[in-house]
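Just so it is clear, the values below take in all heavy atoms, side chains as well, and ignore hydrogens, waters and symmetry mates. Naming convention: chains lettered A, B, ... in sequence-line order (proteins, then strands); numbering from 1 in each chain. Because the structure is a prediction, the values reported are computed rather than measured.
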Protein chains: 2
Amino acid sequence: MSKEASYKDKKVITIGIVRELTGLTERQIRYYEERKLIFPERTNGGSRKYSFADIELLMDIAEKIEDGVQTFEIRQEMMKEKKAADAKLRKKMIQGQLNAQFGMRRI
Amino acid sequence: MSKEASYKDKKVITIGIVRELTGLTERQIRYYEERKLIFPERTNGGSRKYSFADIELLMDIAEKIEDGVQTFEIRQEMMKEKKAADAKLRKKMIQGQLNAQFGMRRI
DNA sequence: CGTGTAAGGAATTCTGACACG
DNA sequence: CGTGTAAGGAATTCTGACACG
């Protein structure tokens with residue numbers, strides 16, 4: 001875990017390729033960004049750049065939309081998930097701190 | 001091993017991004033292709049698409065060229081490495097065949 | 001040999017807007 | 001609300017060639 005996420009999370013894919021990979025239209029992809037569901041980076045020239053993780057997320061989003069879920073609902077779900085993940089991470093980091101301070105002591 | 005090479009080997013990165021990631025010029029990137037050191041795919045429109053593996057390979061190539069190695073020498077090295085890798089793979093597959101036929105038998 | 005560059009064209013992407021519903 | 005589309009412009013990419021050495 002946490003190994004080589006570098007490929008999955010690096011934003012290097014332009015929208016045309018994302019279109020091919022997801023089957024979505026550029027209109028849809030840009031709209032989901034407008035609705036704060038996806039956050040591509042930009043090149044100097046202003047072109048959007050996506051990661052593989054973004055592509056997977058887009059496919060999840062598309063599936064939910066087909067099921068009639070609205071974008072704001074999807075955003076709410078994502079915020080909840082994010083909060084849960086953050087809490088988990090905080091817990092882990094505190095644990096790491098404790099281990100660093102006391103974990104190695106043999107006495 | 002052989003798990004999630006999907007991200008690393010998928011050709012989805014356009015040449016402008018490769019330029020940013022490698023620090024090479026487009027001219028250099030295209031030239032190394034001309035010299036058969038790298039093999040991008042193409043979009044329908046004809047634009048080159050590279051993988052993360054290609055990017056790493058390009059950086060290796062660039063390093064060798066800086067060291068004065070010529071492209072045809074680099075190609076020869078790569079061919080040798082490929083042959084070795086192929087031989088290894090063949091051996092593995094034959095072993096797999098044998099295991100499939102006899103490996104599971106308990107009698 | 002490896003790389004820079006100017007040239008002209010084609011493919012790509014961007015934004016804001018109108019449309020439907 | 002989510003998506004299609006035409007519009008005009010800007011950024012991207014392509015190829016073949018000349019140049020240097």
Rounded to the nearest Å, what distance is computed from the [atom1] atom of residue [X] to the [atom2] atom of nucleotide [N]?
{"X": "Ile17(A)", "N": "dT13(C)", "atom1": "CD1", "atom2": "C1'", "answer": "13 Å"}
{"X": "Ile15(A)", "N": "dA11(D)", "atom1": "CD1", "atom2": "P", "answer": "17 Å"}
{"X": "Glu20(B)", "N": "dT12(D)", "atom1": "CD", "atom2": "P", "answer": "8 Å"}
{"X": "Arg30(B)", "N": "dT5(C)", "atom1": "CZ", "atom2": "P", "answer": "14 Å"}
{"X": "Leu24(B)", "N": "dT3(C)", "atom1": "CG", "atom2": "P", "answer": "8 Å"}

Q: When you get a sec, tell me which of dG4(D), dT3(C), dT13(C) is the closest nucleotide to the side chain of Gln28(A)?
A: dG4(D)

(Q) By nearest atom, which of the nucleotides dG2(D), dT13(C), dT13(D) is closest to the Glu26(B) side chain? (A) dT13(D)

Q. According to the Watson-Crick and G-U wobble definitions, with both distances under 3.5 Å, which nucleotide is paired to dG2(C)?
A. dC20(D)

Q. According to the Watson-Crick and G-U wobble definitions, with both distances under 3.5 Å, which nucleotide is paired to dT15(D)?
A. dA7(C)

Q | Within 6.0 angstrom of Gln97(B) CD, more than 12 heavy atoms from elsewhere | A | no

**Q.** Partner of Lys49(B) by side-chain contact (heavy atoms from CB on, under 4.5 Å), out of Glu41(B), Lys10(B), Arg42(B)
**A.** Glu41(B)

When you measure from the side-chain N and O atoms of [X] to the phosphate of [N], is any distance below 4.0 Å, counting only OP1 and OP2?
{"X": "Thr25(B)", "N": "dG4(C)", "value": "yes"}
{"X": "Thr14(A)", "N": "dT13(C)", "value": "yes"}
{"X": "Arg27(A)", "N": "dG2(D)", "value": "no"}
{"X": "Tyr31(A)", "N": "dG2(D)", "value": "yes"}

Q. Between Arg19(A) and Tyr32(B), which is nearer to the 5' end of DNA chain C once each is assigned its nearest nucleotide?
A. Tyr32(B)

Q: Scan residues 36-73 of chain B against DNA chain D and write down, sorted by residue number, each residue with any heavy atom closer than 4.0 Å; if none is found, say none.
A: Arg42(B), Gly46(B), Ser47(B), Arg48(B)

Pair [X] + [Y]: basic N to acidic O under 4.0 Å:
{"X": "Lys64(B)", "Y": "Glu73(B)", "value": "no"}
{"X": "Arg90(B)", "Y": "Asp86(B)", "value": "no"}
{"X": "Glu34(A)", "Y": "Arg30(A)", "value": "no"}

(Q) For a side-chain contact (heavy atoms from CB on, under 4.5 Å) check, start with the C-alpha distance between Asp54(A) and Val18(A), then their side-chain angles and the critical distance, and finish with the verdict. (A) CA-CA 9 Å; Asp54(A) 289 333; Val18(A) 174; over 6 Å; no

Q: Considering only Ile, Leu, Val, Met, Phe, Trp and Tyr, and joining two whenever side-chain heavy atoms are under 4.5 Å apart, list the other residues clustered with Met93(A).
A: Leu89(A)

